[in-house]
Amino acid sequence: MIKGIKGVKDILPEETPRWRLIEETARRWALAYGFHEIRVPIFEVTALFARSIGASTDIVEKEMYTFQDRDGSSLTLRPEGTAGTVRAYIEHNRAADPLPQKYFYTGPMFRHERPQAGRLRQFHQFGVESFGTADPRADVEVIALLWRLLSDLKLPALTLEINNLGYAADRDAYRPQLVAYLKQQEEHLCGNCRRRIEANPLRVLDCKVPTCRVATDSAPRLADSLSDKARAHFGSVLTGLDTVGIPYSLNHRLVRGLDYYGLTTFEVTSTSLGAQNAVGAGGRYDSLVETLGGPMTPAVGFAVGLERMAMMLPETLSVSGAATVYVAGFGDRGSPAGFSALEELRVAGIRAVTDFRSASLKSHLRQADRLGCKFTLIIGDDEVTTGLATFRNMDTKVQQEVSLVTLISQVSALLQSS
RNA sequence: GUGGGUGUAGCUCAGUUGGUUAGAGCGCCGGAUUGUGGAUCCGGAGGUCGCGGGUUCGAAACCCGUCAUCCACCCCA
């Protein structure tokens, strides 16, 4: 038997209603905040991701699905959505358009990781990107959108954490201080963090190993090395969040895994998720557009993991066949009459189903019951003779006759009045 | 890439220190009711015990390998 690829899951009909709820909620909120949908390819030239995400990040170093095109060029299945969106923004010269450039996207992403709870090789994200606005209110707007949509879905135990990464120059000034401190503490750090001292010292602050946390508790803080401009920006973001009533907690250890973030960075986690507890995250990336060859363009955005949101939604959310009419056509004459009535109902916009395998009224009713249909239209040979079909309410068992000639108007009326 | 858990019917799982023909619940099909669903009762179908090798008179069980899957590390949405 050919099986699906490791870490790549089917979303079966039982689960798609909750997915639709998530996607529709996200879309509705994004539109409410003035974002417009963009659809970009799921694969791009490899260099795009290497340059934007950062060559030394785990994603680029070991998690990308990269392959050769027939002409030998290197292509990659997108590991996240920002790079492609920025590429499209530059390629179509959207910067020349005076309107606010605020996009949202949704779709599959690909990372070659070991699967576990809440982590797949093909997973789905919804994300937004706001281009061209350096104003801290753009940060607030994006965070507010994220918080509103998660709250709307009533996802449990959410926390919004936020941090200020400052400008690149701020981090450059801070890094030697941190490295010097970490070298003193080296014996208390885990092997991973020892390696990170040179490669990516900021990440040591984000380590979950308890001894590392203790060792870095009194480390010099990035916050103390920030420029006035960076402080002012962050201060305005926090004030803005207070103004619109979004609860947050400061986390000076919060460091995002993608290289392009600067200034504001944030993450929403849930304690109901397991080890992979981030539902969504984002931040400001003012230099990315320029890095990728576009004009200087400030930008801020976030992405949420749809699988992780789906995990938090109650299982009870399921399909309802309540408004559906089951057509039970049986017998030599009833069967074709039922088939034609079925089509009539559908053409009239009434949701109608049947089971062509069922030949007796009994088995039809059983199927109607299983499908959760509230009504069954019974058409046997007798009904064809009299020209009157039987319309049965499955809950009350009340049956009434409807003329096959005026079927649609009568059924519509009965559905309306129920 | 590393570590641990689990692989038995469509699903969830039992299966005793290794012992005859591998079980249950749910689901499915049929009947009790030949034009009226759900409930109940009766009957039935459905298994290479993940795969390969080994130990043994005998393996679902023990050993080795392998694959799959889940969880965790790492990292991230």
Asker: Rounded to the Å, how far apart are A/Gln276 CD and B/rA77 P?
Answerer: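 Whole-Å distance recorded here is 11 Å.
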Asker: Report the base-pairing partner of B/rA14 (Watson-Crick or G-U wobble, both distances below 3.5 angstrom), or none.
Answerer: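 B/rA14 is paired with nothing.
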Asker: Expressed as a whole number of angstroms, how long is the span from A/Glu80:CD to B/rC76:P?
Answerer: 12 Å
Asker: I'd like to know if the side chain of A/Thr406 reaches the main chain of A/Val402, judged simply by a donor and an acceptor atom lying under 3.5 Å from each other, with no hydrogens or angles considered.
Answerer: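 Side chain of A/Thr406 to backbone of A/Val402: no pair is present.
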Asker: Give me the distance, rounded to whole Å, that separates B/rU69 from B/rA77 when you measure between the C1' atoms they each carry.
Answerer: 22 Å
Asker: Can you work out whether A/Ala278 or A/Lys9 has the more 5'-proximal nearest nucleotide on RNA chain B?
Answerer: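 Upstream on the strand: A/Lys9.
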Asker: Would you give a per-nucleotide map of nucleotides 32-40 of chain B, 5' to 3', where B means the base has a protein non-hydrogen atom under 4.0 Å away, S means only the sugar-phosphate does, and - means neither?
Answerer: -B-BBBB--
Asker: Just wondering, are more than 12 heavy atoms of other shown residues or ligands nearer than 6.0 Å to CD1 in A/Ile5?
Answerer: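 Counting neighbours around CD1 of A/Ile5, 12 or fewer heavy atoms of other residues, nucleotides or ligands fall under 6.0 Å, so no.
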Asker: For B/rG44 and B/rC51, measure between their C1' atoms and round to the nearest Å.
Answerer: 32 Å
Asker: Is there a side-chain contact between A/Thr376 and A/Phe391 (heavy atoms, below 4.5 Å)?
Answerer: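 Heavy-atom side-chain distance check fails, nothing below 4.5 Å.
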Asker: To the side chain of A/Asp58, which of B/rA68, B/rG1, B/rC74 is closest?
Answerer: B/rC74
Asker: Applying the ring pair (Phe, Tyr, Trp, His ring centres under 6.0 Å) criterion to A/Phe104, which one of A/Tyr33, A/Trp29, A/Phe126, A/Phe302 satisfies it?
Answerer: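 Only one of A/Tyr33, A/Trp29, A/Phe126, A/Phe302 forms a ring pair (Phe, Tyr, Trp, His ring centres under 6.0 Å) with A/Phe104, namely A/Phe126.
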Asker: In whole Å, I'd like the distance from the CD atom of A/Glu267 to the P atom of B/rC76.
Answerer: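 That distance rounds to 9 Å.
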Asker: Distance check, C1' atoms only: B/rA14 and B/rC26, in whole angstrom units.
Answerer: 14 Å
Asker: Tell me which nucleotide, if any, is Watson-Crick or G-U wobble paired with B/rA45 when both distances must be under 3.5 Å.
Answerer: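 Pairing partner: none.
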Asker: May I ask which nucleotide in the shown strands pairs with B/rG27, Watson-Crick or G-U wobble, both distances under 3.5 Å?
Answerer: none
Asker: Return yes if some donor-acceptor pair links the side-chain N/O of A/Arg39 with the main-chain N/O of A/Tyr105 below 3.5 Å, else return no.
Answerer: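 Flag not set: sc A/Arg39 to bb A/Tyr105 has no pair under 3.5 Å.
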Asker: So which nucleotide does B/rU36 pair with, by the Watson-Crick or G-U wobble rule with both distances under 3.5 Å?
Answerer: none
Asker: Distance check, C1' atoms only: B/rG25 and B/rU20, in whole angstrom units.
Answerer: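 My reading of the C1' atoms in B/rG25 and B/rU20 gives 26 Å.
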Asker: Check for a donor-acceptor pair, side chain of A/Thr76 on one end and backbone N or O of A/Glu44 on the other, with a separation under 3.5 Å.
Answerer: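 A pair under 3.5 Å: no.
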Asker: So, A/Arg308 side chain and A/Ala278 main chain: donor-acceptor pair closer than 3.5 Å or not?
Answerer: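 Answer holds: yes.
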Asker: Is the distance from OP1 or OP2 of B/rA72 to the nearest side-chain N or O of A/Gln116 less than 4.0 Å?
Answerer: yes
Asker: When we call it a touch if two heavy atoms are under 4.0 Å apart, what does A/Gly118 touch: a base, just sugar-phosphate, or nothing?
Answerer: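 Counting heavy atoms under 4.0 Å across all strands, the contact made by A/Gly118 includes a base.
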Asker: Quickly work out the A/Tyr261 OH to B/rC76 P distance and round it to whole Å.
Answerer: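 In whole Å, B/rC76 P lies 11 Å from A/Tyr261 OH.
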Asker: How many Å lie between CZ on A/Arg114 and C1' on B/rC76, as a whole number?
Answerer: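 In whole Å, B/rC76 C1' lies 16 Å from A/Arg114 CZ.
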Asker: Round to the nearest Å and state the distance from A/Glu307 atom CD to B/rA77 atom C1'.
Answerer: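 After rounding, the gap between these two atoms is 9 Å.
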Asker: Could you tell me whether A/Glu113 and A/Arg119 make a salt bridge, using a distance below 4.0 angstrom between a side-chain N and a carboxylate O?
Answerer: yes
Asker: Starting at atom CD of A/Glu113, determine the distance to atom C1' of B/rC71, rounded to an integer number of angstrom.
Answerer: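 A/Glu113 atom CD is separated from B/rC71 atom C1' by 15 Å.
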Asker: Mapping A/Gly305 and A/Lys6 onto RNA chain B by nearest heavy atom, which one lands closer to the 5' end?
Answerer: A/Lys6
Asker: May I ask which nucleotide in the shown strands pairs with B/rC51, Watson-Crick or G-U wobble, both distances under 3.5 Å?
Answerer: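 Result: B/rG65.
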Asker: Between A/Asp152 and A/Leu149 (side chain of the first, backbone of the second, donor and acceptor by atom type, cut-off under 3.5 Å), is there such a pair?
Answerer: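 Such a contact is absent between A/Asp152 side chain and A/Leu149 backbone.
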Asker: Can you tell me how far P in B/rG5 sits from the matching atom in B/rA22, rounded to whole Å?
Answerer: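 Between the two P atoms, the distance is 30 Å.
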Asker: Expressed as a whole number of Å, how far does the P atom of B/rG58 sit from that of B/rU2?
Answerer: 37 Å
Asker: Searching all strands shown, indicate the nucleotide that pairs with B/rG1 (Watson-Crick or G-U wobble; both distances under 3.5 Å).
Answerer: B/rC73
Asker: What contact category does A/Leu120 fall into here, base, sugar-phosphate, or nothing, at under 4.0 angstrom with non-hydrogen atoms?
Answerer: base
Asker: So, does the side chain of A/Arg119 form a donor-acceptor pair with the base of B/rC71 at under 3.5 Å?
Answerer: no
Asker: Can you check the A/Ile22 CD1 to B/rA77 P distance for me, whole Å?
Answerer: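 Going from A/Ile22 (CD1) to B/rA77 (P), I get 18 Å.
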Asker: Between B/rC49 and B/rA60, how far apart are the C1' atoms? Round to whole Å, please.
Answerer: 5 Å
Asker: Side chain of A/Ala275 only, heavy atoms from C-beta on: which candidate in B/rA77, B/rC70, B/rC73 is closest?
Answerer: B/rC73
Asker: With P as the reference atom in both, quote the distance from B/rG50 to B/rU12 in angstrom, rounded to an integer.
Answerer: 14 Å
